Each structure stands twice: as C-alpha cells, then as structure tokens.
K.L.:
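First the structure, then my questions, so here it is.
A quick note: this is a predicted structure, and the numbers were derived from the prediction, not measured. Numbering of residues begins at 1 and proceeds along the displayed sequence.
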Amino acid sequence: MRNIYKLSLFLLIFSFSACFTKAAQKDVSVYKTFIYTSSDLADEIQRVNDQQDDTRRFDVDLLNATLGAVKGIGSGYVSAFIDLGVNAIGNLITRNARLQQEWEETVKKENTWSTTISSVQDVKDFYRKPSTAGALDPLNMNFDGIGCMRLDGNDTVFFVSCHIDRSKLNRIVNHSKFELVLDTLILSPEHSNLPNTQLPLTYSFDERGKFNLSMNIKLTSSWFTDAIELHNDALLGEFNINVPVQKNDVDSLGFIRYYRSDDEPSKYAVVGESFIVPRSYMGYRDSDGRYNNIWGTGQYKLDIEIKETCEITPTYRDNWKADRKMRNKLKPSKGFFPTVWQTVSSQHWDEITKSWVITTLKAPAGIITKELINQIGLGGTTGGGQGSR
C-alpha cells in the first residue's frame with residue numbers, strides 16, 4: 001500500500017514539475033500541501049478496538065452507500081497582497097549605513113523567513129461515510145496525515161510528510177485523539193528561502209551557521225451538535241516539528257534526505273496531538289416517516305506555518321566591513337520601491353494520490369499573470385476571490 005502511495009505521489013510531482021518549468025521564474029515560490037487519506041486506516045482502528053475490549057465495537061447500521069459523502073473539486077483561487085513590513089526594511093540598504101550595528105540589524109532580518117499555508121475552503125470527509133452512532137464515531141476514518149513540498153524547477157528541494165502514528169491508534173479508541181509521525185524529510189538550507197533578501201545572496205553555513213526549520217500545524221473545525229449548538233472554527237489540535245541543521249548533517253549535495261522505515265520510531269519528532277474531527281449533526285426521516293439521527297463526514301480546516309531561521313557566525317561578523325562594501329555594490333538603484341508580494345492559492349481533490357492538494361504560489365505582484373496561474377494549475381475562475389465550494 002505504501003509503495004502504491006509513493007508511486008502515485010511521484011506521478012503527481014512529475015506532472016506538476018513539467019508545467020512548472022515553463023513558468024519558473026527567479027522569485028516564484030510554490031508550495032504544494034497534501035492531505036492524505038487511507039482506505040485501510042478504519043480497519044486498523046477497528047482491530048485495535050477489538051483487541052482491547054470486545055464489548056466496545058463500533059459496528060453500527062449505517063445509511064446505505066448512496067448517502068455517503070462525495071468529494072468535490074475546489075477549483076478557483078484566492079489572491080492576496082502581502083506587505084513585507086520589516087523584511088522590506090531588512091532587504092534595503094540605507095545609503096548612510098556606516099556602522100556595524102546597522103549591518104547586523106540588516107543581516108538579522110535576513111535570517112528569518114516564514115509563510116502560512118491554509119486550506120482555501122473546508123476540507124471535506126474526515127470520514128468516508130456518515131454515522132448513526134454519534135459525533136465522534138471513528139468508523140470509516142479517512143484522514144491519514146499531511147505532506148508539504150516545494151519545487152525548484154524539476155528538483156524537490158523541500159518535502160515533509162507525516163502520517164497518523166499507527167503505533168498509537170489506541171489513543172483514537174480511548175481518547176478520540178491521534179498523533180502524527182514524520183516519515184519523509186527532504187531539506188536543503190542552500191535551497192531555502194534564506195537569506196530573506198532581495199539582494200542576490202545565497203545561504204552559507206560559514207556565514208549563517210546553524211539552519212533551523214520549524215513547522216506549526218493547526219487543525220480547526222466547525223460542527224453542529226444534536227443540542228442545537230454551533231461550534232465555529234474550534235481548535236482541535238496542534239503539531240510542531242523542529243529540525244536543526246548543521247553543516248555536517250547534509251550530504252555532498254547539501255541535502256538531508258530521510259525516509260523512515262515501517263514500524264521504526266522517527267528520527268524527527270512531531271510534538272502535539274489532535275482530537276478527531278467531530279461529525280456535524282443532522283436529523284432525517286426514512287422512507288417510513290420515522291425520524292432518525294445522523295452525523296456527517298466531518299469538515300475541517302488546515303493552517304501550516306513554515307519558518308526558517310539561521311544565525312550570524314563570528315567569522316561573518318568579523319568580516320562585516322567587506323560584506324557591507326559588497327552589499328553597496330548590489331543595492332537597488334535609485335528610485336527602487338520595495339516589492340509587494342502576492343499569494344495565490346488553489347485547492348482540489350487528486351484522484352491519483354487520493355489526497356487533497358493545496359497549491360500556494362508566492363511571488364512579486366508584477367510576476368503573477370493569468371498565464372502563470374494557468375500554467376501551474378491554479379486557474380478555474382475569473383478574477384480574484386475565493387472559488388465556489
């Protein structure tokens with residue numbers, strides 16, 4: 001099953017790479033976020049439940065398959081302008097900058113980069129089918145983890161993949177909570193977003209020292225209870241990943257490439273937990289006119305903050321005068337205005353990988369055109385704003 005998943009994901013990455021190379025430009029940053037699903041997870045949860053207590057089976061008389069939820073395709077995109085704020089100040093060299101303190105403040109601003117990736121609309125179907133048992137019935141649980149990647153042309157320069165920790169399925173049975181385990185990591189400081197500057201500078205361990213990647217993943221949901229109570233955008237759980245990288249951690253090409261073997265602990269911890277998504281209540285009448293209770297397939301939202309940071313090495317600090325001189329030669333010409341960045345996002349269901357895919361493009365506003373949006377598969381609506389659900 002895992003090999004099939006890897007093959008399907010490779011096909012999706014390959015097809016995306018082919019169209020992205022046509023549109024690749026220096027300042028374009030594209031992230032793809034995957035929300036994995038699994039048709040086998042529900043059976044694994046049931047086996048754990050059966051092993052613990054035969055009196056607590058989740059077997060229920062579900063509605064027939066025609067009432068099962070159908071995944072929709074979230075076409076369209078959301079467009080938003082982002083003010084660089086302090087980063088814009090850090091990217092510009094003050095004409096009269098003559099002191100080391102000013103140089104250091106500039107470099108410190110370059111040493112931090114962050115972005116937030118959010119689902120464009122509620123992600124449908126945490127479970128494959130509705131339930132007549134209750135809001136937290138884990139039967140037919142469908143959600144199986146989260147992945148995020150960034151491409152540089154044809155090269156995957158960033159990839160983090162986490163799935164539900166199979167060694168802790170008893171937490172779903174006993175506490176309605178799940179944990180994630182990191183199983184794949186591809187990371188290269190030299191291909192990161194640092195230094196965060198408009199100047200043509202590249203990352204160097206000799207100058208920037210230790211690199212650190214952190215990810216914060218939040219899961220929220222809205223649902224309606226059988227007591228006529230609405231819970232709106234409630235936080236269900238939070239996960240944190242922290243990966244420090246030193247020079248001797250990367251290979252000869254400057255990459256960390258980690259793949260977890262089945263059933264072994266991960267080298268990189270995912271700290272945190274989340275409740276499973278509550279099903280929303282809705283009553284219905286059957287063909288005999290009897291009123292029955294039903295709970296839906298669960299909808300939720302995802303927010304991922306990615307942050308990259310580094311340091312200033314003593315050697316780099318000692319060489320600040322030469323570095324400042326070099327920066328003055330590279331500084332923008334007179335009349336230059338700070339770049340205003342634009343973010344465009346799209347969300348759709350991919351039948352090949354059986355996953356929801358959120359594509360987030362970030363680039364200077366002047367670069368983003370209708371042609372670029374169509375080339376990387378973000379088209380589907382006219383004008384800005386959120387697409388139809």
Side-chain angles (χ1 to χ4, degrees), residues 35-39 41-50 52-72 74 118-146 164 168-180 217-239 272-303 347 349 356 388-389:
I35 302 176
Y36 306 127
T37 64
S38 171
S39 58
L41 178 60
D43 293 335
E44 296 180 51
I45 295 173
Q46 183 66 64
R47 283 195 293 270
V48 171
N49 175 74
D50 293 345
Q52 288 194 178
D53 186 351
D54 285 337
T55 66
R56 299 179 58 216
R57 292 187 59 83
F58 295 125
D59 296 331
V60 293
D61 181 18
L62 295 178
L63 299 180
N64 61 45
T66 60
L67 292 180
V70 178
K71 294 180 177 64
S118 302
S119 49
V120 178
Q121 56 189 6
D122 284 356
V123 181
K124 305 170 185 176
D125 302 342
F126 191 85
Y127 312 93
R128 290 199 307 276
K129 296 180 181 179
S131 170
T132 58
L136 293 178
D137 177 14
L139 190 68
N140 290 305
M141 185 168 161
N142 195 41
F143 171 89
D144 192 25
I146 298 163
I164 286 184
K168 298 180 180 179
L169 292 184
N170 63 308
R171 300 213 64 210
I172 297 177
V173 174
N174 294 330
H175 308 292
S176 297
K177 292 181 177 181
F178 67 89
E179 296 184 34
L180 297 177
I217 303 168
K218 291 183 179 179
L219 199 69
T220 60
S221 179
S222 300
W223 68 95
F224 203 72
T225 72
D226 54 355
I228 325 293
E229 295 175 341
L230 174 64
H231 296 263
N232 194 34
D233 291 333
L235 179 65
L236 297 181
E238 189 169 349
F239 301 94
E273 62 183 10
S274 176
F275 286 100
I276 61 177
V277 173
R279 300 170 183 261
S280 196
Y281 172 81
M282 183 183 70
Y284 76 100
R285 293 190 182 278
D286 60 23
S287 57
D288 296 324
R290 291 188 294 257
Y291 193 79
N292 298 275
N293 294 327
I294 183 174
W295 287 264
T297 57
Q299 294 194 127
Y300 56 98
K301 293 181 180 178
L302 185 70
D303 290 287
Q347 176 179 318
W349 169 256
W356 286 94
S388 59
R389 298 193 179 193

K.L.:
Drop me the distance from Leu219's CG to Leu236's CG, to the nearest 0.5 angstrom.
P.N.:
5.5 Å

K.L.:
Could you pull out the closest heavy-atom pair between Trp295 and Arg279, with the gap in Å?
P.N.:
CB-CB, 3.5 Å

K.L.:
Taking side-chain contact (heavy atoms from CB on, under 4.5 Å) as the criterion, tell me which of Ile164, Ile35, Thr37 meets it with Asp144.
P.N.:
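By the side-chain contact (heavy atoms from CB on, under 4.5 Å) criterion, Asp144 pairs with just one of Ile164, Ile35, Thr37: Ile164.
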
K.L.:
I would like to know whether Leu139 and Tyr127 meet side chain to side chain contact (heavy atoms under 4.5 Å, CB included); could you show each step before the answer?
P.N.:
CA-CA 8 Å; Leu139 190 68; Tyr127 312 93; over 6 Å; no

K.L.:
If we ignore hydrogens and angles and just use 3.5 Å, is the side chain of Ser119 paired with the main-chain N or O of Leu302 as donor and acceptor?
P.N.:
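The answer is yes, because a donor-acceptor pair under 3.5 Å joins these two groups.
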
K.L.:
Lys124 and Trp356: which non-hydrogen atoms are nearest, and at how many Å?
P.N.:
O-NE1, 3.4 Å

K.L.:
If you compare all heavy atoms of Ser221 against all heavy atoms of Gln299, which two are closest, and at what distance to 0.1 Å?
P.N.:
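That closest heavy-atom pairing would be OG-O, 2.7 Å.
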
K.L.:
Passes side chain to side chain contact (heavy atoms under 4.5 Å, CB included), Tyr281 versus Thr225? Steps please.
P.N.:
CA-CA 5 Å; Tyr281 172 81; Thr225 72; 5.6 Å; no

K.L.:
Calculate, to the nearest 0.5 Å, the distance between atoms CH2 and CG belonging to Trp349 and Asp125 respectively.
P.N.:
8.0 Å

K.L.:
Where does the angle between the aromatic ring planes of Phe126 and Phe143 fall among parallel (under 30°), tilted (30 to 60°) and perpendicular (over 60°)?
P.N.:
parallel

K.L.:
Among pairs that include at least one residue of residues 221-238, which meet salt bridge (charged side-chain N to carboxylate O under 4.0 Å, His left out), considering only residues two or more places apart or in two chains?
P.N.:
Asp233-Lys301

K.L.:
So which of Thr297, Asn140, Asp137 actually passes side-chain hydrogen bond (donor to acceptor under 3.5 Å, both in side chains) with Ser131?
P.N.:
Asp137

K.L.:
Give the minimum heavy-atom separation between Ile217 and Ile146, together with the two atoms involved.
P.N.:
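Smallest heavy-atom distance, with atoms named: CG2-CD1, 3.6 Å.
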
K.L.:
Does any N or O in the side chain of Asn232 come within less than 3.5 Å of the main-chain N or O of Leu230, such that one atom is a donor and the other an acceptor?
P.N.:
no

K.L.:
Which distance, rounded to the nearest 0.5 Å, do you find between the OG of Ser38 and the CZ of Arg128?
P.N.:
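Between atom OG of Ser38 and atom CZ of Arg128 there are 8.0 Å.
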
K.L.:
For Ile172, which of Lys177, Glu44, Met141 qualifies under side-chain contact (heavy atoms from CB on, under 4.5 Å)?
P.N.:
Met141

K.L.:
Within the distance-only criterion (no hydrogens, no angle test), does the side chain of Asp288 pair as donor or acceptor with the backbone N or O of Arg290 below 3.5 angstrom?
P.N.:
no

K.L.:
Nearest 0.5 Å please: distance from the CZ atom of Phe178 over to the NZ atom of Lys168.
P.N.:
13.0 Å

K.L.:
Specify the closest pair of heavy atoms between Phe239 and Glu179, including all atoms of both residues, with the distance to one decimal.
P.N.:
CE2-CA, 4.2 Å

K.L.:
Taking the side chain as every heavy atom from C-beta outward, state whether Thr220 and Leu235 have any atom pair closer than 4.5 Å.
P.N.:
yes

K.L.:
May I ask you to decide if Asp303's main-chain N or O and Ser118's side chain share a donor-acceptor pair within less than 3.5 Å?
P.N.:
no

K.L.:
Excluding sequence neighbours, so at least two apart, what forms ring-ring contact (aromatic ring centres under 6.0 Å, His included) with His231?
P.N.:
Trp223

